[in-house]
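Just so it is clear: chains get the letters A, B, ... in the order the sequence lines come, proteins before strands, and each one is counted from 1.
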Number of protein chains: 2
Amino acid sequence: MGKQNQAKRHHHGNLREALITAAIDILGAGGPDALTLRKCAARAGVSHAAPAHHFNGLVSLKIAVIARGHDMFADTMHRARDRAEQNPHARLNAICQGYLEFATTHTDLFKFMFQPHGALPDSIDTTTGMEISRASMASYGVLRDACAPFEHDRGGNLGTETMVWSLVHGYAMLFSTNTTSQAPFGPIPDFNDILPKLLLKSDPAQ
Amino acid sequence: MGKQNQAKRHHHGNLREALITAAIDILGAGGPDALTLRKCAARAGVSHAAPAHHFNGLVSLKIAVIARGHDMFADTMHRARDRAEQNPHARLNAICQGYLEFATTHTDLFKFMFQPHGALPDSIDTTTGMEISRASMASYGVLRDACAPFEHDRGGNLGTETMVWSLVHGYAMLFSTNTTSQAPFGPIPDFNDILPKLLLKSDPAQ
DNA sequence: TTTGTTAAATTGACAGTGTCAAGATTGCAT
DNA sequence: ATGCAATCTTGACACTGTCAATTTAACAAA
């Protein structure tokens, strides 16, 4: 086994990957404040300063985690889309369901992805910078493509994109879980009952 | 002057308030990661362990900052509402404008308010706990009251609340500022062009 | 194979941080 | 004035990110 061969080796072999998965595990277990370079290093079985050779500081590791999160995010939406009926309404509805499914099942990661992390562009190593731009554009593209069939009276389909994205994102942010001491809510309407009102209005062909 | 009299005193006089305003200043200047108990203490002119007598740890101070943020948030929406025409549509539209105005002018604080901070209810001192529940309920009440006139076919007006809140919150979260390495956007449609589509559809009297 | 160069990981150190314990100071009711 | 409780300080500890110096491993060239 390759793993047994690499067990005693000085070089880890794939430390960058191991640190990202370790970070996601720690994030899911202990929340954002528990995400620590030293803990990731310990979980990957390396010394505390080893991550410095793969990430330009803690912020870069966080950005890499967000990039990985966007990959998972896009996957969830893709799967939801592919098992839906193949018409624009069903497709967009399924993608929103995937959006909310990811926000519900990976709440910590989802909220972590849309937080400011004080990352100046030059403080991120080039590898991580490429990953985050690719992954974030890809996950946004899923929703953008699904909105394309819905023409809008002004501004092309950008208006539809903005409306749908704002609606589903706000819904996910507010109701995926009650964060801390939010106002008490009654039963929250299902998103299935919300989106059609927006779509029917936006699509003159309907 | 009271201040000069209190300058050399051992007791600060109003350290709790001073710490909260110091925290908001630091948050606006250096971002969430710069918000530190020791920095707040230094800015308030007390020793590093003084805050422990007013807040049950850093998390409680953060929650107190969020409560103060909700007060400012509600004020902004109130002012926007009061200078609008007094009909349901204009009122709700103005409140959403206030919502976005706060998110734009206090972006750091706004995003900080809607982040998870790993606050177990029993880890927050009672004073702060009362403040956050009062303040968050008050700020949510502004939007709730503005949605009340718009009856909805199912679920009373809760559906309208959920729709409008999700829409404006998502819009604020996504477009108040480009956080870090988001996908490249074209021009974002103004919220004034978005909300009416939702309202007109939701209000059968229109 | 031997050698030299580079990448990868380790060790050690330093300044900050949250938090606790113990002591000192102040304000206030009695 | 006296005692008590609230308030603040000092000191300490473990943990964190980050840097510098060093050791180890991998690999290409001779």
Please list, for nucleotides 14-21 of chain C, all pairs of protein and nucleotide N/O atoms separated by less than 3.5 Å.
{"from": "dG18(C)", "atom 1": "OP1", "to": "Leu37(B)", "atom 2": "N", "distance (Å)": "2.9"}
{"from": "dG18(C)", "atom 1": "OP2", "to": "Leu37(B)", "atom 2": "N", "distance (Å)": "3.3"}
{"from": "dG18(C)", "atom 1": "OP2", "to": "Arg38(B)", "atom 2": "N", "distance (Å)": "3.2"}
{"from": "dG18(C)", "atom 1": "N7", "to": "Arg38(B)", "atom 2": "NH1", "distance (Å)": "2.4"}
{"from": "dG18(C)", "atom 1": "O6", "to": "Arg38(B)", "atom 2": "NH1", "distance (Å)": "3.1"}
{"from": "dT19(C)", "atom 1": "OP2", "to": "Leu58(B)", "atom 2": "N", "distance (Å)": "2.9"}
{"from": "dT19(C)", "atom 1": "O4", "to": "Arg38(B)", "atom 2": "NH1", "distance (Å)": "3.3"}

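- In this structure, the CZ atom of Phe55(B) is 15 Å from the C1' atom of dC8(D), given to the nearest Å.
- Using cut-offs of 30° and 60° on the angle between ring planes, the pair Phe110(A) and Phe73(A) is perpendicular.
- Using cut-offs of 30° and 60° on the angle between ring planes, the pair Trp165(A) and Tyr140(A) is tilted.
- Of the charged side-chain nitrogens involved, at least one lies within less than 4.0 Å of a carboxylate oxygen, so that Asp71(A) and Arg134(A) count as a salt-bridged pair.
- Separating the CZ atom of Arg16(B) from the P atom of dA6(D) is a distance of 16 Å, rounded to the nearest angstrom.
- Here His53(B) does not reach the OP1 or OP2 of dT9(D): none of its side-chain N or O atoms lies under 4.0 Å away.
- Counted by atom type alone, Arg16(B) and Thr128(B) present one or more donor-acceptor pairs between their side chains at under 3.5 Å.
- Residues satisfying the ring-ring contact (aromatic ring centres under 6.0 Å, His included) criterion with Tyr171(A), sequence neighbours excluded, are Phe175(A), Phe191(A).
- A heavy atom closer than 4.0 Å to some atom of DNA chain C occurs in no member of residues 18-32 of chain B.
- Contact check for Leu195(A) versus Asn93(A): side-chain heavy atoms found under the 4.5 Å cut-off.
- Of the candidates Leu109(A), Leu27(A), Ile26(A), Leu27(A) is the only one forming a side-chain contact (heavy atoms from CB on, under 4.5 Å) with Pro32(A).
- No more than 12 heavy atoms of other residues, nucleotides or ligands shown are found within 6.0 angstrom of CD on Glu85(B).
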